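First the structure, in the form of structure tokens, and then the observations on it.
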Protein chains: 2
Amino acid sequence: MSLKHAILVLLETEPSSGYNLLKQFNEGLGYFWNAKHQQIYQQLKVLSEHRLISHTLEEQTGKPDKKVYKITDLGIEALKDWLLSPINPGKVNDALLIKIYGGHLTSDENLIEELDRHIEMHEKTLSKLLNIEKTYHTLQTEKQDEYKLPFLTLRRGIIGERAWLDWANEAKLVIKK
Amino acid sequence: MSLKHAILVLLETEPSSGYNLLKQFNEGLGYFWNAKHQQIYQQLKVLSEHRLISHTLEEQTGKPDKKVYKITDLGIEALKDWLLSPINPGKVNDALLIKIYGGHLTSDENLIEELDRHIEMHEKTLSKLLNIEKTYHTLQTEKQDEYKLPFLTLRRGIIGERAWLDWANEAKLVIKK
DNA sequence: GATATCATGTAAAAGGTTACATGATTGG
DNA sequence: CCAATCATGTAACCTTTTACATGATATC
């Protein structure tokens, strides 16, 4: 529902191609939203039709041409309106928990293996986020202040990932017991 | 994507009506998945067509008739197969974080108000979950052991909500500063 | 020679939300 | 008398995923 607004917010920070937006979603600062490339390209088309964004074509040598999108004045107005509206709480839809809940129908080994797989992924994500955090702390005080709001979304990622890992370790102990 | 499996897992524990499943999703033990009643009724239809569940009609006096669904042998097999397959990690799609990220386009008061609204909701959820946890601890040791896996999903909720609230308080301090 | 990265899209299917629809009982 | 709870569903719409599609350069 809010992919549109996620794209607008990212484009408000700086003009970007669809491909680059995808990278932002998959990497650190886009921690708060997920999207596949197909969906991003579709939404860029829709946002363009609504004149909330515009693009210029950038030719590149040795690489495919790039469409660089930027937010329009109309887009900024739409974004500001949205920012004033109350936001629905994020939803937890975690299939791993379904598996744990029904874990008596499978083996403990299966559950432990699955948990270990997920722990590995979450540890990778966490260390990525911690690296970005480190970089942030090397910035000058004014810059830190400038980026304090995006930094908070990074902090959400870090706190969230740590909590996830705490739970997973607890879960492993309970299952093995 | 996994609403089907969430329903199967719940029905494996005990037969249930669509209405009752909805309640489970909205309350504690269904912490791990969200669904509206329309979607549940739709999926119950689909699962019935695939013969993974079946239902009996229960007449009630003073209340509408109830369709009580239970999982079939075929359904249990399908569920066991799914439990053996690797599960994708849960996704974070949190519109509040989009709002924080682009918060420089709006006022601090707006951000603080929004955070407070969300804090209230999360505190309510947390206290609900803590109540269920309390009940769990009053059970006999054998019963506790029997429910240890569903209990882990409850723990995930508690740990997740606490982490969320920790972050929100940090966020308020940063924004007010 | 294989894999990753860059860079874009269309189309069909599945999943999820919103709007509409009904109607009785119970509790404040 | 109003709101909540019980109990079920259809239809239209929007969002997301999966499958299909292309093709160059850079790195191991």
Side-chain angles (χ1 to χ4, degrees), chain A residues 1-8 15-27 30 32-50 52-53 55-69 82 85 87-95 98, chain B residues 1-8 15-27 30 32-50 52-53 55-69 82 85 87-95 98:
Chain A
M1 194 186 82
S2 285
L3 174 59
K4 286 186 180 75
H5 304 109
I7 291 175
L8 288 177
S16 187
S17 65
Y19 189 81
N20 189 51
L21 285 171
L22 176 69
K23 281 207 321 193
Q24 288 184 258
F25 280 116
N26 290 336
E27 282 164 24
F32 48 83
W33 209 265
N34 287 276
K36 313 251 155 145
H37 79 271
Q38 294 94 328
Q39 208 190 340
I40 290 172
Y41 289 119
Q42 278 168 9
Q43 288 305 320
L44 286 172
K45 212 168 124 183
V46 173
L47 287 167
S48 291
E49 278 162 12
H50 293 343
L52 303 182
I53 60 175
H55 72 268
T56 48
L57 217 69
E58 243 179 55
E59 286 171 53
Q60 300 186 115
T61 46
K63 285 183 198 174
D65 288 357
K66 220 180 359 185
K67 283 187 187 172
V68 178
Y69 290 88
W82 180 78
S85 72
I87 308 297
N88 290 327
K91 278 165 196 172
V92 180
N93 283 46
D94 193 342
I98 302 177
Chain B
M1 196 185 81
S2 285
L3 174 58
K4 285 187 181 75
H5 303 111
I7 291 174
L8 288 178
S16 188
S17 65
Y19 189 83
N20 189 51
L21 285 171
L22 176 69
K23 281 205 321 192
Q24 288 184 260
F25 280 116
N26 290 337
E27 283 165 23
F32 49 84
W33 210 266
N34 287 276
K36 313 251 153 147
H37 81 270
Q38 294 94 329
Q39 208 190 339
I40 291 172
Y41 288 119
Q42 278 167 10
Q43 290 304 320
L44 286 171
K45 211 169 125 184
V46 173
L47 287 167
S48 290
E49 279 162 14
H50 293 342
L52 303 181
I53 60 175
H55 71 269
T56 48
L57 217 68
E58 243 179 55
E59 285 170 53
Q60 300 186 115
T61 47
K63 285 182 195 173
D65 286 358
K66 219 179 3 183
K67 283 187 187 172
V68 178
Y69 289 89
W82 180 78
S85 72
I87 306 298
N88 290 326
K91 279 167 193 169
V92 180
N93 284 45
D94 192 342
I98 303 178

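All chains are named by letter (A, B, ...) in the order of the sequence lines, taking the proteins before the strands, and each is independently numbered beginning at 1. Quick caveat, the model's predicted, so the values are computed rather than measured.
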Nearest-0.5 Å distance that lies between atom [atom1] in [X] and atom [atom2] in [Y]:
| X | Y | atom1 | atom2 | value |
| --- | --- | --- | --- | --- |
| Gln39(A) | Phe25(A) | CD | CZ | 8.5 Å |
| Gln42(B) | Leu3(B) | CD | CG | 9.5 Å |
| Gln43(B) | Leu8(B) | CD | CG | 10.0 Å |
| Ile40(B) | Gln24(B) | CD1 | CD | 9.5 Å |

Within this structure, what is the [atom1]-to-[atom2] distance between [X] and [N], rounded to whole angstrom?
| X | N | atom1 | atom2 | answer |
| --- | --- | --- | --- | --- |
| Leu21(B) | dG9(D) | CG | C1' | 15 Å |
| Lys66(B) | dT8(D) | NZ | P | 8 Å |
| Gln43(B) | dG16(C) | CD | P | 7 Å |
| Ile40(A) | dT10(C) | CD1 | P | 15 Å |
| Leu3(A) | dT17(D) | CG | C1' | 13 Å |
| Phe25(B) | dT17(C) | CZ | P | 12 Å |
| Lys4(B) | dT17(D) | NZ | P | 15 Å |
| Asn26(A) | dA4(C) | CG | P | 15 Å |

N or O in side chain of [X] less than 4.0 angstrom from [N] OP1/OP2:
| X | N | answer |
| --- | --- | --- |
| Tyr19(B) | dT8(D) | no |
| Lys23(A) | dA7(C) | no |
| Lys91(B) | dT17(D) | yes |
| Lys45(A) | dT10(C) | yes |
| Lys36(B) | dT18(C) | yes |
| Gln42(B) | dG16(C) | no |
| Tyr41(B) | dG9(D) | no |

*Nearest listed nucleotide, side chain of Tyr69(B), among dA11(D), dG9(D), dA7(C)*: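 That would be dG9(D).
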*Looking only at atom types and distance, does a side-chain atom of Ser17(B) sit under 3.5 Å from a main-chain N or O of Asn20(B), one as donor and one as acceptor?*
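Flag set: sc Ser17(B) to bb Asn20(B) pair under 3.5 Å.
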Can you give me the N/O atom pairs linking the protein to nucleotides 19-21 of chain C at distances under 3.5 Å, or say none if there are none?
| residue | atom | partner | partner atom | Å |
| --- | --- | --- | --- | --- |
| dA19(C) | N6 | Gln38(B) | NE2 | 2.9 |

*With sequence neighbours left out, what residues match Lys91(A) under side chain to side chain contact (heavy atoms under 4.5 Å, CB included)?*
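Once residues adjacent in sequence are excluded, the partners of Lys91(A) under the side chain to side chain contact (heavy atoms under 4.5 Å, CB included) criterion are Asn93(A), Asn34(B).
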_Need to verify one output field. Residue with the more 5' nearest nucleotide on DNA chain D, Ser2(A) or Val68(B)?_
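Checking each residue's closest nucleotide, the 5'-ward one belongs to Val68(B).
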*Give the minimum heavy-atom separation between Leu44(A) and Gly18(A), together with the two atoms involved.*
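Here Leu44(A) and Gly18(A) meet closest at CD1-CA, 3.6 Å.
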